[in-house]
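Here the structure comes first, spelled out in structure tokens, and everything after it is commentary.
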Amino acid sequence: MTADHVALVTGGGGGIGTATSLALAGAGATVLVSGRDELRLQASVEAVRAAGGVAHPLCLDVCDVASIRDARQTALDLVGPVDWVVANAGVAISAALTSDEAESVARQQMDVNYHGTRRVFEAFLPHMLKQGQGRVVMVASSAALMGYPYITGYAASKHALLGYARSAALEMEGKGVGVGVVCPHYVDTPMTDASVARIADKTGRDHEQARAALAELNPGGKLVQADEVAGVILRLLQSDTSGAVVELTGSEQREIESGSPIASNTPKGD
Ligand SMILES: NC(=O)c1ccc[n+]([C@@H]2O[C@H](COP(=O)([O-])OP(=O)(O)OC[C@H]3O[C@@H](n4cnc5c(N)ncnc54)[C@H](OP(=O)(O)O)[C@@H]3O)[C@@H](O)[C@H]2O)c1
């Protein structure tokens, strides 16, 4: 029953994370809205509650193993074991290959986008395995499927994430835990607002022109909406398939890998 699901959404304080928290709560799940900024988390939680859903803020830094462990315990005490994980937290920082920041920017994005997702998944996995069921959706990017200039660090971290997710899905076969991936092109969120501001600053174009230029880069010719990403995430969480990879182009959803049926297992001890 959907009503019994307990969902963790990382990066829940804005953009895709807020939209996903709303969608999951709308489907009856109890949602733990997680991130580092308490005010932003509280705003997302209020939005879910105003829509009639159940949500709680949960402070968690995906770069800090102790904070993930503490959050897991807080979640367990508050609402019981998490069986839906949406690993959505991420950062996007552009830097030319020859810039002084290239080294630190590459490391930071690998730490948040790849290791951060991996840490959260691996922290919550034992409880899902113990229950013999769980679903995880990792938010990658079109930059997991192709390259873009000036975001080598971001693209590398998202390629790494997709390789990890594909392998995790295979390793979870027969264990009742499904792993899915969404790969949106540019989405209309604060992350894209920041890219628009950077482009406007560097090129002298106004914000509307910069936003239109990003939208034109999407195969669908327009920005993806956060609600659409949230809808695909919910569909993957509710499906009995693991290993699916869905690309969102701005005009369509392409299931570029369809995955395979999840066979559940008898719950095991730790
Ligand atoms: N926008 C796009 O065009 C686009 C396209 C494809 C994929 N994506 C991916 O979609 C995901 C969500 O991005 P968005 O577009 O919704 O942008 P966003 O509004 O900037 O959301 C990113 C979220 O990640 C969280 N975060 C960053 N570092 C964190 C950390 N160390 N620990 C915990 N949370 C952290 C932030 O929360 P706090 O700062 O409050 O902690 C923020 O809520 C990201 O993984 C992004 O790479 C975005």
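Counting from 1, the numbers follow the sequence of the chain as shown. In each ligand, atom 1 is the first atom listed, and ligand 1 is the first ligand listed.
Once rounded to the nearest 0.5 Å, the distance linking CZ of Arg36 with CG of Asp61 reads 5.5 Å.
Protein heavy atoms are absent from the space less than 4.0 angstrom from atom 21 (O) of ligand 1.
The closest donor-acceptor contact from the side chain of Gln109 to the backbone of Val105 lies under 3.5 Å. Judged by distance alone, the side chain of Ser141 and the main-chain N or O of Cys183 form no donor-acceptor pair under 3.5 Å. Using a distance-only test at 3.5 Å, with no hydrogens or angles considered, no donor-acceptor pair links the side chain of Ser94 to the main chain of Ile151.
Proximity of Arg40 to ligand 1, defined as any heavy-atom pair under 4.0 Å, is confined to the side chain (atoms from C-beta onward). At a heavy-atom distance under 4.0 Å, only side-chain atoms of Thr189, from C-beta outward, approach ligand 1. Contacts of Leu41 with ligand 1, taken as heavy-atom pairs under 4.0 Å, are absent altogether.
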Stepwise side chain to side chain donor-acceptor pair (under 3.5 Å) check, Glu46 with Gln42: CA-CA 6 Å; Glu46 299 295 338; Gln42 201 54 49; 3.0 Å; yes
Intermediate values then yes/no, side chain to side chain donor-acceptor pair (under 3.5 Å), Thr10 and Ser34: CA-CA 5 Å; Thr10 69; Ser34 83; 5.2 Å; no
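Among all non-hydrogen protein atoms, the one lying nearest atom 32 (N) of ligand 1 is Val62 N, 2.9 Å. In terms of protein heavy atoms, atom 8 (N) of ligand 1 is closest to Tyr154 OH, 3.6 Å. Of all protein heavy atoms, the one closest to atom 34 (N) of ligand 1 is Ala89 CB, 3.5 Å. Scanning the protein for heavy atoms near atom 33 (C) of ligand 1, the closest one is Leu60 O, 3.4 Å. The nearest heavy-atom contact from the protein to atom 16 (O) of ligand 1 is Ile16 N, 2.8 Å. Atom 17 (O) of ligand 1 has as its closest protein heavy atom Met191 CB, 3.3 Å. Protein heavy atom in closest approach to atom 39 (O) of ligand 1: Arg36 NH2, 2.8 Å. At the shortest separation from atom 25 (C) of ligand 1 among protein heavy atoms lies Gly11 CA, 3.7 Å.
Within ligand 1, counting atoms from 1 as listed, the ones closer than 4.0 Å to a heavy atom of Pro190 are 19 (O). Residue contact check: Val112 has heavy atoms under 4.0 Å from atoms 28 (N) of ligand 1. Near Asn88, the atoms of ligand 1 lying under 4.0 angstrom from a non-hydrogen atom of the residue are 10 (O), 11 (C), 12 (C), 44 (C), 45 (O). Near His185, with a cut-off below 4.0 Å to any heavy atom, the atoms of ligand 1 are 5 (C). Per-residue contacts place Gly90 under 4.0 angstrom from the following atoms of ligand 1 (heavy atoms of the residue considered): 22 (C), 24 (O), 27 (C), 44 (C), 45 (O). Each of the atoms 40 (O), 41 (O) of ligand 1 lies under 4.0 Å from some heavy atom of Asp37. Near Asp61, meaning under 4.0 Å from any of its heavy atoms, are these atoms of ligand 1: 30 (C), 31 (N), 32 (N). Taking every heavy atom of Cys63 and a limit of under 4.0 angstrom, the matching atoms of ligand 1 come to 31 (N).
In this model, no donor atom of one side chain and acceptor atom of the other lie less than 3.5 Å apart for Tyr164 and Thr117.
Minimum heavy-atom separation, Val224 to Asn218: N-ND2, 3.8 Å. Asn88 and Ile16 get closest at one heavy-atom pair: OD1-CG2, 3.5 Å. Of all heavy-atom pairs between Asp64 and Ala66, the closest is OD1-N, 3.0 Å.
A salt bridge is defined here as a Lys NZ or Arg NE, NH1 or NH2 lying under 4.0 Å from an Asp or Glu carboxylate O, and Arg254 with Glu252 meets this definition. The pair Arg211-Asp206 does not meet the salt-bridge criterion, since no charged nitrogen lies less than 4.0 angstrom from a carboxylate oxygen. Ion pair Asp111/Arg118 not flagged as a salt bridge, since none of the NZ, NE, NH1 or NH2 atoms sits closer than 4.0 Å to an Asp/Glu carboxylate oxygen. Salt-bridge check for Lys222 with Asp188: failed, with every basic side-chain N at 4.0 Å or more from each acidic carboxylate O.
Under a 4.0 angstrom heavy-atom cut-off, Thr10 registers as lying outside contact with ligand 1. In this structure, Ala140 has a heavy atom closer than 4.0 Å to ligand 1. Heavy atoms of Ala92 stay at 4.0 angstrom or farther from ligand 1.
Considering backbone and side-chain N/O atoms, Ser141 never comes within less than 3.5 Å of an N/O atom of ligand 1. Residue contacts with ligand 1: Val187 is placed with a nitrogen or oxygen under 3.5 Å of a nitrogen or oxygen of the ligand (distance criterion only). Of the N or O atoms in Pro184, none lie within a sub-3.5 Å distance of an N or O in ligand 1. On a distance-only criterion, Tyr186 and ligand 1 share no N/O pair closer than 3.5 Å. No N or O atom of Ser142 sits closer than 3.5 Å to an N or O atom of ligand 1.
Atom CZ of Arg107 has 12 or fewer heavy atoms from other residues, nucleotides or ligands within 6.0 Å.
Using cut-offs of 30° and 60° on the angle between ring planes, the pair Trp84 and His5 is parallel.
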